[in-house]
Amino acid sequence: MKQALLLFIVLISYEAIGQPYQKLIRPNIYWEQFYYDASTICSTTGGVRVFFEGDTTVNGFSYSKIYEYPPIFPLNQPGPFCAPFGVDTTQSGLNTWYAFREDSIAQKVYIYDFNTVSEYLLYDFNLQPGDTFISSYTTGGNPYIVDSIQTITTYD
């Protein structure tokens, strides 16, 4: 009985201090990408707001489609663009180069590159400090050692 109680306490305390896995690919999440040319004033040459919407099947796996909203440059200046920036959410375009899938059981994210017709490991959320990460897509096949892990809160 004491062993069962000790095991129960250990398991509960592990859950209390462990961070639960949160899926990366989910609706209502977006990120912004801007392109820069450091040799120009303001540097920004373009950008997009990227988000997941809908699914597609490739080689039997379900991938999330990636869409992009174009930026708005209110001053209508030619590139390079200077702030302020906006996003035109009335029109979006399908990114036909990439799609993402997430294996939530293995806690890994993959990217499918339609140009090379290949799937690559993008990230492994099981990694701990000191682990080595190698991905032909993300690290160019070079080994990277995980230095530290930080929590970043995202909002739906």
Side-chain angles (χ1 to χ4, degrees), residues 3-40 42-71 80-81 83 85-87 89 92-156:
Q3 290 176 337
L5 182 60
L6 178 61
L7 179 62
F8 178 74
I9 291 171
V10 169
L11 290 176
I12 286 191
S13 65
Y14 175 77
E15 183 64 28
I17 60 171
Q19 179 180 347
Y21 177 71
Q22 184 177 0
K23 288 184 71 164
L24 177 70
I25 300 172
R26 55 190 198 272
N28 302 320
I29 297 295
Y30 67 86
W31 67 95
E32 293 175 346
Q33 297 174 333
F34 284 93
Y35 311 106
Y36 294 93
D37 178 357
S39 66
T40 62
C42 296
S43 303
T44 307
T45 57
V48 290
R49 176 176 286 176
V50 185
F51 60 98
F52 299 109
E53 186 173 283
D55 295 317
T56 188
T57 302
V58 179
N59 296 331
F61 291 108
S62 180
Y63 288 85
S64 294
K65 295 179 185 177
I66 304 168
Y67 286 85
E68 300 171 345
Y69 288 134
F81 305 103
F85 304 109
V87 177
T89 58
S92 64
L94 174 65
N95 181 318
T96 57
W97 298 302
Y98 305 106
F100 286 81
R101 83 173 173 92
E102 185 165 10
D103 182 340
S104 56
I105 295 171
Q107 299 182 4
K108 295 180 180 182
V109 178
Y110 298 89
I111 186 168
Y112 188 86
D113 185 333
F114 289 103
N115 294 315
T116 62
V117 193
S118 298
E119 179 184 78
Y120 302 94
L121 176 64
L122 188 64
Y123 196 75
D124 181 350
F125 284 98
N126 287 306
L127 296 175
Q128 297 297 315
D131 289 348
T132 301
F133 179 67
I134 301 174
S135 166
S136 57
Y137 185 81
T138 309
T139 68
N142 297 311
Y144 281 75
I145 298 174
V146 177
D147 175 71
S148 61
I149 297 173
Q150 297 179 2
T151 301
I152 298 173
T153 303
T154 58
Y155 301 96
D156 291 346

Side chain to side chain contact (heavy atoms under 4.5 Å, CB included) with [X]: which residues, sequence neighbours excluded?
| X | result |
| --- | --- |
| Pro143 | Thr132, Ile134 |
| Asn142 | Tyr144 |
| Thr96 | Leu94 |
| Pro70 | Asp88, Gln91 |

I'd like to check the ring-ring contact (aromatic ring centres under 6.0 Å, His included) partners of [X]; sequence neighbours left out, ordered by chain and number.
| X | result |
| --- | --- |
| Tyr137 | Tyr120 |
| Phe114 | Tyr112 |
| Phe133 | Tyr123 |
| Tyr69 | Phe51 |

field: Steps toward side chain to side chain contact (heavy atoms under 4.5 Å, CB included) verdict (Leu121, Tyr110)
entry: CA-CA 5 Å; Leu121 176 64; Tyr110 298 89; 3.8 Å; yes

- request: Applying salt bridge (Lys or Arg N to Asp or Glu O under 4.0 Å), name anything that partners Glu119, two or more places apart in sequence or on another chain.
  value: Arg101

field: Set of residues satisfying salt bridge (Lys or Arg N to Asp or Glu O under 4.0 Å) with respect to Glu53, sequence neighbours excluded
entry: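 Partners of Glu53 under the salt bridge (Lys or Arg N to Asp or Glu O under 4.0 Å) test: none.
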
Report the distance from atom [atom1] of [X] to atom [atom2] of [Y], rounding to the nearest 0.5 Å.
| X | Y | atom1 | atom2 | result |
| --- | --- | --- | --- | --- |
| Asp131 | Ile149 | CG | CD1 | 7.5 Å |
| Tyr63 | Thr57 | OH | OG1 | 10.0 Å |
| Tyr98 | Asn115 | OH | CG | 6.5 Å |
| Ile111 | Glu102 | CD1 | CD | 13.0 Å |

Give me the atom names and distance for the closest heavy-atom approach of [X] to [Y].
| X | Y | result |
| --- | --- | --- |
| Pro129 | Asp147 | CB-O, 3.7 Å |
| Pro71 | Gly47 | CD-O, 2.8 Å |
| Ala106 | Asp124 | O-OD1, 4.3 Å |
| Phe100 | Val109 | CD2-CG1, 4.0 Å |

So do the side chains of [X] and [Y] get within less than 4.5 Å of each other, counting heavy atoms only?
| X | Y | value |
| --- | --- | --- |
| Leu122 | Ser135 | no |
| Tyr67 | Lys65 | yes |
| Trp97 | Ile66 | no |

- prompt: Does any N or O in the side chain of Gln33 come within less than 3.5 Å of the main-chain N or O of Val50, such that one atom is a donor and the other an acceptor?
  reply: no

query: Should we say atom OH of Tyr30 is surrounded by more than 12 heavy atoms from elsewhere, each under 6.0 Å from it?
result: no

- prompt: Sequence neighbours excluded, which residues qualify as side-chain hydrogen bond (donor to acceptor under 3.5 Å, both in side chains) partners of Asn95?
  reply: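 Asn95 satisfies side-chain hydrogen bond (donor to acceptor under 3.5 Å, both in side chains) with Glu68 only.
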
- request: Output all residues satisfying side-chain hydrogen bond (donor to acceptor under 3.5 Å, both in side chains) with Glu32, sequence neighbours left out; order by chain, then residue number.
  value: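 side-chain hydrogen bond (donor to acceptor under 3.5 Å, both in side chains) check on Glu32 returns Arg49.
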
